[in-house]
Number of protein chains: 2
Amino acid sequence: MTRATIKDVSRVAGVSIKTVSRVLNKERYVSDDMRQKVEEAVARLNYHPSLAARTLAGRRSFQIGLIHDNPSPYYIFNMQAGVGQRCREANFRMIIQPCDINSPGLVDDIGALIDQAQLDGIIMTPPVTDVGTALAELFRRKIPVVRVQPGTDLTATSAVYIDNVQAADDMTAYLISLGHRRIGLVTGHANYFASGQRLTGYRQALQRAGIGFDAALVFPGQFDFQSGAAAAEALLALPEPPTSIFASSDEMAAGVLAAAHRMGVSVPGQLSVAGFDDTDLAQVVWPSLTTIRQPIRDLGYAAADLLLEFGETIERRQLPHELIVRGSTAPPRPMAPGSSPG
Amino acid sequence: MTRATIKDVSRVAGVSIKTVSRVLNKERYVSDDMRQKVEEAVARLNYHPSLAARTLAGRRSFQIGLIHDNPSPYYIFNMQAGVGQRCREANFRMIIQPCDINSPGLVDDIGALIDQAQLDGIIMTPPVTDVGTALAELFRRKIPVVRVQPGTDLTATSAVYIDNVQAADDMTAYLISLGHRRIGLVTGHANYFASGQRLTGYRQALQRAGIGFDAALVFPGQFDFQSGAAAAEALLALPEPPTSIFASSDEMAAGVLAAAHRMGVSVPGQLSVAGFDDTDLAQVVWPSLTTIRQPIRDLGYAAADLLLEFGETIERRQLPHELIVRGSTAPPRPMAPGSSPG
DNA sequence: TTGTAAGCGTTATCAA
DNA sequence: TTGATAACGCTTACAA
């Protein structure tokens, strides 16, 4: 017993091959009578069209590529889930392509993938989104592209994103609303555009509240646990330490927590910790953290949707972020030297 | 400018199409002269053969499927990394297929995937490995299959695995070697074969050490955080509580830690906690945990290797687990009621 | 060792 | 609204 082909279906249904093809592709100009016959035959033979043949003969391959260079399993997992979901709905397949943005072969690899698989479109996630040479290659090939949270050439391709400035503003404003006046900020890796955007949001909220910007409260990080911990140590050692620390990523927030713990600073009693849930991991692993959450899965779904619905047309879609408060981000007690709890 | 085809290459190289094909497929009986001409033309034209055409014309699709129903991002990520690595080396592509083992359409979905993509082979991870209907469908189609850590029909397909009995034995023996005599065990989800195997290893080590099996020290869990916490609460409330708790998964071990913390039991001062690092997450998120680690990425690599190297032949490959001790799994202090520290 | 010709299973084109 | 037929880019047989 070998695979059923379109020929088998046409024979069983008693119609021409072309008619079967029409039904398969939901083309117009097929009578209900024909359509029904074909559908019955397809079901009876358990027929599934060969993707290879469709790709070779037609203009589409029913495949899109997801290109990433992101070491966070949670990020990738959720992104795949979202893109995969939309692909399934459209009967498309998703090809995953991990890569290394520092590899000299990056552009060639992407080109080879597109050629070999005849991809119908590409989704890129940060930081691949902002590799100029890769983008140029895609333009050259005129292949539809959707970028997730791009940092440069914002209008060059379709894109999905959250507003990082607003998100950081929201979190900062929330902390201020609880009574915090000295809010430490651990910034993100300098290579990521999100880092600067988050700093901007932080400053914006402070200014609106009439709180002066204190450069001593801003400490550079690299998005990782270590730098979060280092930042917290520095910030908590200040003559006038912050009552709250806002880390620009969840891993750094975890680092802040660890350092505070090590230094005997009670959380949230003496210090409120907040962060960005960049990897979708914070809520799972550090459930008490107050975070700004990017809806990674939704971003993936929206990216695929844009690609499948609009193709070459450039569309942008902004998704809402969430401020997630779990446990208490308690209002700070005065921490003036010598003060003691009520 | 359109894609280069094999015809273009043959023209540029001044040889026949078939010769180009021979070089591409590394067939024998090609003179060095010809080979060189072809390789130059390929490089010059930046030619990448169409997978669709190769699949349609040939017997192979250069694609294998990875089927999973596993909610752990870390597990999936590492598995993909391992399988993907081996695929890249062989110039194969990996198709990811998430599924739901309780869905009635499972078998049909798998069949459709194989038909549409003409997959050359399938890798399955638990718990899909042990779905009889799915396995039967694959046998019917005579497609090469490699299962990761199968629980049933062990010799039915090629497989890669670690020895769970030995692993649990190792950990239990290690705890005993530190002086523990009362070791609690939180078992895994009853649906997973690994659960029973780990219980067996635990009992085996106890017996060898001449320690009687105490059913009161074994508490059923479901592999998740909650049940780990519940188990710890029950075990620590025993009249004679264990000095050590061995959880059959990392998430449960985390639950044990949390519960101990909540109950004011100091770790590792009064209680040693150990676990299985099933998701490859323990070392990242709970770095102090003593764990038995499955090398997930290596399992994936080995699975793909088996599939690509041996195809239909049934081969089994056992990989070593690792006992990872970080921080101290301190020997227990006596915990008799009323006793006080040194 | 190299080349020729006939498919592979679809879709595109054009005619009916 | 339906159908015949020529591609699509490669591999497989088979010849030379």
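Per chain, numbering begins at 1; letters A, B, ... match sequence-line order. Just so it is clear, the structure is predicted and the values come from calculations on it, not from any experiment.
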Verify the contact: side-chain N or O of A:Ser21 to OP1 or OP2 of C:dT11, cut-off strictly under 4.0 Å; return yes or no. yes
I'd like to know if the side chain of A:Thr129 pairs up with that of A:Gln149 as donor and acceptor (distance under 3.5 Å, no hydrogens or angles considered). no
Under the side chain to side chain donor-acceptor pair (under 3.5 Å) test, residues paired with B:His321 that sit two or more places apart: B:Asp170
B:Asn70: what forms a side chain to side chain donor-acceptor pair (under 3.5 Å) with it, not counting sequence neighbours? none
List, one per line, each side-chain donor-acceptor pair under 3.5 Å for residues 4-31 of chain B, sequence neighbours excluded.
residue, atom, partner, partner atom, Å
B:Thr5, OG1, B:Lys7, N, 3.2
B:Thr5, OG1, B:Asp8, N, 3.4
B:Thr5, OG1, B:Asp8, OD2, 3.4
B:Asp8, OD2, B:Thr5, N, 2.8
B:Ser10, OG, B:Lys7, O, 2.8
B:Ser16, OG, B:Lys18, N, 3.4
B:Ser16, OG, B:Thr19, N, 3.2
B:Ser16, OG, B:Thr19, OG1, 3.1
B:Ser21, OG, B:Asn25, ND2, 3.4
B:Asn25, OD1, B:Arg54, NH2, 2.7
B:Asn25, ND2, B:Ser21, O, 2.8
B:Ser31, OG, B:Met34, N, 3.3

Where chain B begins and ends its contact with DNA chain D, read 5' to 3' at 4.0 Å from heavy atoms: D:dG9 to D:dA13
Can you run down the ring pair (Phe, Tyr, Trp, His ring centres under 6.0 Å) pairs that involve residues 134-159 of chain B, sequence neighbours left out, and say none if there aren't any? none
Which pairs, with at least one residue in residues 49-71 of chain B and sequence neighbours excluded, count as a ring pair (Phe, Tyr, Trp, His ring centres under 6.0 Å)? B:Phe62-B:Phe92
How close or far is atom C1' of C:dT4 from atom CD1 of B:Ile6, stated in whole angstroms? 14 Å
What is the distance, rounded to the nearest whole Å, between atom CG of A:Asp8 and atom P of C:dG9? 9 Å
Pairs in or reaching into residues 65-85 of chain A: which pass salt bridge (Lys or Arg N to Asp or Glu O under 4.0 Å), with residues at least two apart or in two chains? none
Using the salt bridge (Lys or Arg N to Asp or Glu O under 4.0 Å) rule, collect all pairs that involve residues 108-117 of chain B, keeping only residues at least two apart or in two chains. A:Arg3-B:Asp115, B:Asp115-B:Arg141
Could you give the distance from CE (B:Met124) to CG (B:Leu135), rounded to the nearest 0.5 Å? 5.0 Å
Grab the two heavy atoms, one from A:Ile114 and one from A:Ile143, that are nearest each other, plus how far apart they are. CG2-CD1, 3.8 Å
If you take all heavy atoms of A:Leu306 and A:Ala159, which pair is closest and at what distance? CD2-O, 3.6 Å
Could you walk me through whether A:Asp32 and A:Gln36 satisfy the side chain to side chain contact (heavy atoms under 4.5 Å, CB included) test, starting with their C-alpha distance in whole Å, then the side-chain angles of each, then the deciding distance to 0.1 Å, before giving a yes or no? CA-CA 6 Å; A:Asp32 289 348; A:Gln36 196 172 345; 5.9 Å; no
Using the 3.5 Å cut-off, write out each protein N or O paired with an N or O of nucleotides 1-3 of chain C and the distance between them.
residue, atom, partner, partner atom, Å
C:dT2, OP1, B:Ser31, OG, 2.5
C:dT2, OP2, B:Ser31, N, 2.7
C:dT2, OP2, B:Ser31, OG, 3.4
C:dT2, O4, B:Arg22, NH2, 3.1
C:dG3, OP2, B:Ser16, N, 3.1
C:dG3, OP2, B:Ser16, OG, 2.9
C:dG3, OP2, B:Thr19, OG1, 2.6
C:dG3, N7, B:Arg22, NH1, 3.4
C:dG3, O6, B:Arg22, NH2, 2.9

Angle between terminal axes - the helix from C:dT1-D:dA16 to C:dA16-D:dT1, 5 pairs each end, rounded to 10°: 30°
For DNA chain D, which residues in residues 38-63 of chain A have a heavy atom at a distance below 4.0 Å? A:Leu56, A:Ala57
Can you name the residues that form a side-chain contact (heavy atoms from CB on, under 4.5 Å) with B:Gln318, not counting sequence neighbours? B:Tyr161, B:Asp163
